[in-house]
There are 2 protein chains.
Amino acid sequence: METRIDRIKKQLHAASYKLTPQREATVRILLNHEEDHLSAEDVYLLVKDIAPEIGLATVYRTLELLTELKIVDKINFGDGVSRYDLRQEGAAHFHHHLVCIECGAVDEIQEDLLEDVEAVVEKRWNFQIKDHRLTFHGICWRCHDRSSQDPSQ
Amino acid sequence: METRIDRIKKQLHAASYKLTPQREATVRILLNHEEDHLSAEDVYLLVKDIAPEIGLATVYRTLELLTELKIVDKINFGDGVSRYDLRQEGAAHFHHHLVCIECGAVDEIQEDLLEDVEAVVEKRWNFQIKDHRLTFHGICWRCHDRSSQDPSQ
DNA sequence: TCCTTATTTATAATCATTCTTAATAAAGAA
DNA sequence: TTCTTTATTAAGAATGATTATAAATAAGGA
């Protein structure tokens, strides 16, 4: 049976790149940490466990390559660090994020939600949308529950 | 008559900050370059024309202060540089952006457009939204016109 | 096998941003 | 006014993320 790794290998080959052991190790880490929004440094430290000889620059290069091929999404939450998410297979767009300004947690919204808005934008601004990035900042349900239980807040 | 600068001065005083000459010069540059999405370096170079003795660190500090007070919005389009926009007076949210992947132009959408989406998110994810950031990436009307007129594309 | 090209490692370099320290300016008290 | 305190600034050093460089290695094709 064809695995996700196999399909990524094909995508790389189609663009005449190889799935080297370092690249495969990096992809495996991303597969094991979906929804975790890892930074390059995070990925590097995790990859070192399964491929200790890898260099940080290689991780950066691999993440950049995967971003170009739209296998991963490079996101930025405003702290000077880029974060990397595997894009859902077949998804044409970035997914959305909920960033909690209390605890810093980042949750994901996989549903599109923007179809209607995009139709308006394409028509009214005559802009042909290829992708989008949408992040909400606010209070997550966990913090909300905590503060409603704790009268000191 | 009360000017925008006067109102910003009041906002600063209300938070016990002063509108120093350096800060005022920085604000004036932002007022003269609305919709331009200037980087800190851009602002610095422009401010130097009207206040040559200013330092880059002061510009950074001022932009950070104005961001905290929600007088300017700090935005990031994924090119390792933060950009700064004066927020429209009275606006509670970031405005949206259209980034052209052909020519790099950035246009603004001042309308909210997200009210319906936010209602869904607040309810379904039990997330109390305080702000949002929405950017569309695609082909702007200028590039679209260009390529339809130019058969070589 | 040789030859060519892609990739990696290790380290140096770069670039945006923040920090540090001493100097300066402003504001309030006496 | 003068003294005192605090806020702010300039200049440059430091930091931290990311990218470039150069030499070494690996892979693939002829």
Side-chain angles (χ1 to χ4, degrees), chain A residues 8-29 37-69 71-85, chain B residues 8-29 37-69 71-85:
Chain A
I8 289 173
K9 185 172 182 175
K10 282 186 185 172
Q11 284 183 264
L12 285 170
H13 284 166
S16 44
Y17 295 108
K18 300 165 192 166
L19 184 63
T20 65
Q22 292 91 338
R23 286 174 182 165
E24 181 172 338
T26 304
V27 170
R28 286 194 188 282
I29 291 302
H37 311 97
L38 301 175
S39 68
E41 181 85 24
D42 294 335
V43 174
Y44 172 65
L45 293 174
L46 289 164
V47 172
K48 276 195 92 77
D49 290 339
I50 60 175
E53 75 294 343
I54 202 171
L56 177 57
T58 299
V59 172
Y60 269 104
R61 251 177 286 129
T62 301
L63 291 172
E64 188 190 356
L65 177 61
L66 296 173
T67 301
E68 272 169 26
L69 298 178
I71 294 167
V72 313
D73 288 332
K74 181 179 182 178
I75 49 182
N76 195 302
F77 294 130
D79 54 347
V81 191
S82 293
R83 297 175 183 281
Y84 301 85
D85 277 6
Chain B
I8 289 174
K9 185 171 183 175
K10 282 186 185 171
Q11 286 183 265
L12 285 170
H13 285 165
S16 44
Y17 294 107
K18 299 164 194 167
L19 183 64
T20 64
Q22 291 91 337
R23 287 174 182 165
E24 182 172 337
T26 304
V27 170
R28 285 193 188 283
I29 292 303
H37 311 97
L38 302 175
S39 68
E41 181 85 23
D42 295 335
V43 174
Y44 171 64
L45 294 174
L46 289 165
V47 173
K48 277 194 92 75
D49 290 340
I50 60 174
E53 75 294 341
I54 202 170
L56 177 57
T58 299
V59 171
Y60 270 104
R61 252 178 284 128
T62 300
L63 291 171
E64 188 191 356
L65 176 61
L66 295 172
T67 301
E68 273 170 26
L69 297 178
I71 293 166
V72 313
D73 288 331
K74 181 178 182 178
I75 48 181
N76 195 301
F77 295 129
D79 58 345
V81 191
S82 293
R83 296 172 184 282
Y84 300 86
D85 277 6

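Reminder, nothing fancy here: chain letters follow the sequence lines and each chain counts from 1. Only heavy atoms go into these numbers, but all of them, side chains included; no hydrogens, no water, no symmetry mates. What you see is a predicted model, and the numbers here were worked out from it, not measured in a lab.
- Computed from coordinates, the B:Leu56 CG to D:dA13 C1' distance equals 14 Å when rounded to whole Å.
- Atom pair B:Leu65:CG and C:dT18:P shows a separation of 13 Å (rounding to whole Å applied).
- Distance B:Leu12 CG to D:dA7 P: 15 Å, rounded to the nearest Å.
- Listed pair A:Tyr60 / D:dT18 meets the phosphate criterion, a side-chain N or O lying under 4.0 Å from OP1 or OP2.
- Straight-line distance from the CZ atom of B:Arg61 to the P atom of C:dT20: 12 Å, rounded to whole Å.
- Here A:Ser82 reaches the OP1 or OP2 of D:dT18: one of its side-chain N or O atoms lies under 4.0 Å away.
- From A:Ile71, atom CD1 reaches atom CG of A:Asp85 across 14.0 Å, with rounding to the nearest 0.5 Å.
- Counting only distance, with no hydrogens or angles, the side chain of B:Arg83 and the backbone of B:Phe77 share no donor-acceptor pair below 3.5 Å.
- At whole-Å resolution of the value, CD in B:Glu53 and C1' in D:dA11 are 13 Å apart.
- Side-chain N/O atoms of B:Thr58 include none lying less than 4.0 angstrom from OP1 or OP2 on D:dT9.
- Between D:dA10 and B:Gln22, a contact under 4.0 Å exists linking OP1 or OP2 to a side-chain N or O.
- Counting heavy atoms of neighbouring residues, nucleotides and ligands inside a 6.0 Å radius, atom NZ of B:Lys48 exceeds 12 of them.
- OP1 or OP2 of D:dT9 has at least one side-chain nitrogen or oxygen of B:Thr20 nearer than 4.0 Å.
- Nearest nucleotide to the side chain of B:Ile54, out of D:dA10, C:dT7, D:dT18: D:dA10.
- For B:Asn76 and C:dT17, the CG to P distance is 9 Å, given to the nearest whole Å.
- Rounded to whole Å, the distance from CD on B:Glu41 to C1' on C:dT18 is 15 Å.
- A straight line from CZ of B:Arg83 to P of C:dA16 spans 10 Å, rounded to a whole angstrom.
- Distance from the side chain of A:Ala57 is smallest for C:dT11 among the nucleotides C:dT11, C:dA26, D:dG28.
- Within the model, atoms CG of A:Leu45 and CD1 of A:Ile29 stand 10.5 Å from one another, a figure rounded to the nearest 0.5 Å.
- From A:Thr58, atom OG1 reaches atom CG of A:Leu65 across 12.0 Å, with rounding to the nearest 0.5 Å.
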